[in-house]
Amino acid sequence: MTDLTTTAARPVVARFCPSPTGNPHVGMARTALFSWAFARHHGGTFVFRIEDTDAARDSEESYGLLIDVMKWLGLDWDEGPEVGGPNGPYRQSERMDIYADVAARLQEAGHAYRCFCNTDELAIRREAARAAGKSSGYDGHCRNLSAEKIAAYEAEGRPAVLRFRMPDRDITFTDLVRGDITFTADNLHDYALLRANGQPLYTLTNPTDDAMMGITHVLRGEDLLSSTPRQIALYEAFAEIGVGGGFTPEFGHLPYVTGAGNRKLSKRDPESNLLAYRDQGFLPEGLLNYLALLGWSIADDRDVFSKEEMVEVFEIGRVNPNPARFDIKKCEAINGSQVRELSIEQLAARLVPYFQSAGLVSDPISDDEREVLAAATPLVHERITLLTETVDMVRFLFVAESDFSIDEADRVKNLDDKGVGTARAAYDALSGLDQWDTASIEAALRAALIDGLGLKPRLAFGPVRVAITGSRISPPLFESLELLGRERSLSRLAAAVA
RNA sequence: GGCCCCGUGGUGUAGUGGCCUAGCACGCUGCCCUCUCAAGGCGGUAACGCGGGUUCGAAUCCCGUCGGGGCUACCA
């Protein structure tokens with residue numbers, strides 16, 4: 001065992017530290033959620049750090065997206081970009097001098113050495129080891145170079161990376177979600193800390209920052225599981241040279257979120273694009289709720305809950321270690337449940353941006369428009385799974401009469417000769433109404449069409465629905481008529497008849 | 001190739017030796033409700049990868065095996 005000091009007595013400090021490459025994806029959000037929930041559950045600190053050490057792949061745009069997504073999801077951070085903190089800066093690109101210093105101290109203390117092997121040589125030896133059925137990591141070629149040899153390489157002008165010298169022993173750690181995991185010494189290889197050009201690598205920057213920021217619990221994806229023993233060895237060296245608080249954090253590796261074919265969902269997969277979910281009308285509550293279900297459960301008979309409820313009972317030890325398939329159907333169902341959890345006022349407010357981007361209301365929204373939307377919201381509250389569905393559902397209330405149109409297939413089917421007759425009867429019944437409200441409208445229509453014409457309800461209201469809303473599928477008819485108003489309702493009925 | 005992780009219905013999970021003739025949810029599906037669509041209610045469908053052990057008793061423990069995934073970079 002390599003435990004130096006336990007983290008048990010320390011206040012929890014967890015973190016989320018993505019690198020800003022490409023679009024934020026769902027696996028990332030799940031990791032962020034679990035780390036956040038862990039920190040919040042323990043009343044600890046949640047650190048948000050940006051790992052932008054790879055200038056070739058990182059982008060400022062991606063950085064902005066990351067911030068947007070975290071805010072949209074409501075995963076607030078105590079230290080990090082925009083809020084600062086005692087251990088900043090929180091973007092690695094602004095901490096380069098720190099890494100250079102740590103690297104120098106590591107080398108000085110003998111924990112790291114310059115390796116002059118070039119990538120071709122490395123590849124050849126790696127293949128040879130593999131062919132011999134052996135572990136194929138770095139073979140330690142430059143581990144104990146003599147001063148003469150080093151001088152010779154330098155004279156040649158050979159570039160060198162800085163490599164960490166792994167201790168020659170097995171390393172065991174207790175993973176927070178998987179239990180004890182052991183890597184034997186012959187599978188632990190010296191690894192690069194600094195590129196030949198002096199730029200630090202993730203292998204150095206990530207543990208350095210975790211140590212300096214006092215991280216007690218590292219929750220991350222399973223892909224980093226096999227790099228854990230070498231980080232543990234690094235922490236031991238840190239303790240010796242005085243980097244960080246002298247303790248090693250605990251590690252927990254979250255299972256993958258997979259897509260079709262059980263492959264880990266990558267940033268390239270369209271279904272993993274987080275912003276696309278927002279655009280499609282998912283609620284942050286819905287997405288978060290669904291993501292929480294991937295590898296965790298709140299109870300054996302319940303799966304709709306808020307992130308606050310999650311925080312209350314979240315235990316990392318109860319996270320399931322096996323990979324979970326992202327199921328869009330269930331995600332939608334959960335989202336629908338979360339829509340139903342919203343009050344009418346809340347829902348109406350969430351709907352505004354979607355109506356604006358559809359061009360149905362102005363930006364900023366006017367008071368009149370807001371009023372119509374608020375009145376229409378109860379009609380869709382139990383009918384939608386995605387926010388965007390509302391737009392098509394109540395478009396008929398927002399379009400100018402000149403833009404109103406009826407779905408052609410629905411018109412043919414519902415407004416044939418018989419249907420037109422029904423619409424005419426509806427017009428007659430409605431035009432004489434004293435009170436224009438749902439109850440009066442319903443009473444008048446039932447009397448005229450069902451009692452009067454002897455129609456089945458389904459046949460009676462179909463033509464009216466199509467004439468009024470433009471579609472065979474719509475919100476409840478009588479309420480829709482009331483909201484549309486007498487004038488517009490009558491004119492649409494008249495238009496359908498003509 | 002080597003190392004590591006994982007293995008309950010189509011999907012996500014509950015289950016930590018007897019409460020399991022395996023629970024819940026999504027999906028699919030039948031019915032009810034109903035002005036359409038939903039929502040809601042009541043049913044149905046379907047799983048412990050396989051083989052050995054240990055035990056009076058195993059989804060739960062052990063071994064093996066098969067299968068899936070990840071890592072194996074001067075990416076993160």
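Just so it is clear, the model here is predicted, and its values are computed rather than measured. Throughout, protein chains are lettered first and strands after them, A, B, ... in sequence-line order, and every chain is numbered starting at 1.
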Atom pairs under 3.5 Å: protein N/O with N/O of nucleotides 46-48 of chain B:
none

Exercise. Hey, which of A:Tyr290, A:Phe38, A:Phe305 is the one that makes ring pair (Phe, Tyr, Trp, His ring centres under 6.0 Å) with A:Trp296?
Worked result: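 Of all the options given, the one that passes is A:Phe305.
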
Determine the interatomic distance between [atom1] on [N] and the same-named atom on [M]; round to the nearest Å.
| N | M | atom1 | value |
| --- | --- | --- | --- |
| B:rG27 | B:rC71 | P | 33 Å |
| B:rG23 | B:rU60 | C1' | 15 Å |
| B:rG67 | B:rC32 | P | 49 Å |
| B:rA38 | B:rC26 | P | 15 Å |

Exercise. Are A:Phe326 and A:Tyr277 close enough that their ring centers fall under 6.0 Å?
Worked result: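 Centroid separation for A:Phe326 and A:Tyr277: below 6.0 Å.
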
Exercise. By salt bridge (charged side-chain N to carboxylate O under 4.0 Å, His left out), which residues pair with A:Asp175, not counting sequence neighbours?
Worked result: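 With neighbours one apart ignored, the set is empty.
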
Problem set entry | All salt bridge (charged side-chain N to carboxylate O under 4.0 Å, His left out) counterparts of A:Asp101, not counting sequence neighbours |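 So A:Asp101 forms a salt bridge (charged side-chain N to carboxylate O under 4.0 Å, His left out) with A:Arg105.
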
What side-chain donor-acceptor pairs closer than 3.5 Å can you find for residues 468-475 of chain A, not counting sequence neighbours?
unit_1	atom_1	unit_2	atom_2	d
A:Thr469	OG1	A:Arg465	O	2.8
A:Thr469	OG1	A:Ser471	N	3.2
A:Thr469	OG1	A:Ser471	O	3.1
A:Ser471	OG	A:Ile473	N	3.0
A:Ser471	OG	A:Ile473	O	3.1
A:Arg472	NE	A:Asp410	OD1	3.2
A:Ser474	OG	A:Arg465	NH1	2.8

For this session: Report, as a single string ordered 5' to 3', how protein heavy atoms within less than 4.0 Å touch nucleotides 35-42 of chain B: B base, S sugar-phosphate only, - not at all.
Result: BBBBS---

Give one of base, sugar-phosphate or nothing for [X], where a contact means two heavy atoms less than 4.0 Å apart.
| X | answer |
| --- | --- |
| A:Gly295 | sugar-phosphate |
| A:Phe326 | nothing |
| A:Arg220 | nothing |

Problem set entry | A:Asp303 bridged to A:Lys330 by N-O distance under 4.0 Å |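 Result for this pair is yes, salt bridge flagged.
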
For this session: Would you mind checking if A:Arg49 and A:Glu94 are paired as a salt bridge, meaning a charged N to carboxylate O distance below 4.0 Å?
Result: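 No salt bridge links A:Glu94 with A:Arg49.
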
Problem set entry | salt bridge (Lys or Arg N to Asp or Glu O under 4.0 Å) contacts in which one or both residues fall within residues 219-229 of chain A, not counting sequence neighbours |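 Listed by first then second residue: A:Arg178-A:Glu222, A:Asp223-A:Lys264.
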
Exercise. Any salt bridge (Lys or Arg N to Asp or Glu O under 4.0 Å) pairs touching residues 435-456 of chain A, not counting sequence neighbours?
Worked result: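 Output for this query lists A:Glu442-A:Arg446.
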
For this session: Using heavy atoms and a sub-4.0 Å distance, could you list which residues of residues 284-294 of chain A are near RNA chain B? By number, please.
Result: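 Heavy-atom contacts with RNA chain B come from A:Leu293, A:Leu294.
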
Exercise. Donor-acceptor pair under 3.5 Å: do we get one between A:Ser226's side chain and the base of B:rG70?
Worked result: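 Side chain to base: no pair present.
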
Exercise. Can A:Thr385 and A:Asn335 be counted as having a side-chain donor-acceptor contact under 3.5 angstrom?
Worked result: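 Absent: no donor and acceptor within the cut-off.
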
Exercise. Do the side-chain N and O atoms of A:Tyr113 and A:Asp190 include a donor-acceptor pair separated by under 3.5 angstrom?
Worked result: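 A donor-acceptor contact under 3.5 Å links the two side chains.
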
Problem set entry | 5' precedence on RNA chain B between A:Tyr256 and A:Ala324 (nearest-nucleotide basis) |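 In this pair, the answer is A:Ala324.
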
Exercise. Does any nucleotide pair with B:rG12 by Watson-Crick or G-U wobble geometry, both distances under 3.5 Å, and what is it?
Worked result: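 Check on B:rG12: paired to B:rC24, both distances under 3.5 Å.
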
Exercise. What is the pairing partner of B:rA59, taking Watson-Crick or G-U wobble pairs with both distances under 3.5 Å in any strand?
Worked result: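 Per the H-bond distance test, none.
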
Show me the side-chain donor-acceptor pairs of residues 476-483 of chain A shorter than 3.5 Å, one per line, residues at least two apart or across chains.
unit_1	atom_1	unit_2	atom_2	d
A:Ser480	OG	A:Pro476	O	2.7
A:Glu482	OE1	A:Thr438	N	2.8
A:Glu482	OE1	A:Thr438	OG1	2.6

For this session: Quick one: sort the A:His253 and A:Phe251 rings into parallel, tilted or perpendicular, breaks at 30° and 60°.
Result: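 Ring orientation of A:His253 relative to A:Phe251: parallel.
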
Pick out the pairs of N or O atoms, protein on one side and nucleotides 74-76 of chain B on the other, that lie under 3.5 Å.
unit_1	atom_1	unit_2	atom_2	d
B:rC74	O2	A:Ala196	N	3.1
B:rC75	OP1	A:Arg195	NE	3.3
B:rC75	OP2	A:Arg195	NE	3.0
B:rC75	OP2	A:Arg195	NH2	3.1
B:rC75	O2'	A:Asp54	OD2	3.0
B:rC75	O2'	A:Arg57	NE	3.2
B:rC75	O2'	A:Arg57	NH2	2.7
B:rA76	OP1	A:Thr53	OG1	2.9
B:rA76	OP2	A:Tyr202	N	2.9

Could you list the protein-to-nucleotides 26-33 of chain B atom pairs, N/O on both sides, closer than 3.5 Å?
unit_1	atom_1	unit_2	atom_2	d
B:rC26	O2'	A:Lys330	N	3.2

Exercise. Mind checking what makes side chain to side chain donor-acceptor pair (under 3.5 Å) contact with A:Arg340, not counting sequence neighbours?
Worked result: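 So A:Arg340 forms no side chain to side chain donor-acceptor pair (under 3.5 Å) with any residue.
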
Exercise. Can you tell if the side chain of A:Phe183 reaches within under 4.5 Å of the side chain of A:Phe173, non-hydrogen atoms only?
Worked result: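 Yes, side chains in contact.
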
Exercise. Would you say the side chain of A:Leu66 lies within less than 4.5 Å of the side chain of A:Met28, judging by non-hydrogen atoms?
Worked result: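 They are in side-chain contact.
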
For this session: Compare side-chain N and O positions of A:Asn322 against OP1 and OP2 of B:rG69 and report whether any pair is under 4.0 Å apart.
Result: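 Negative; the distance criterion is not met.
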
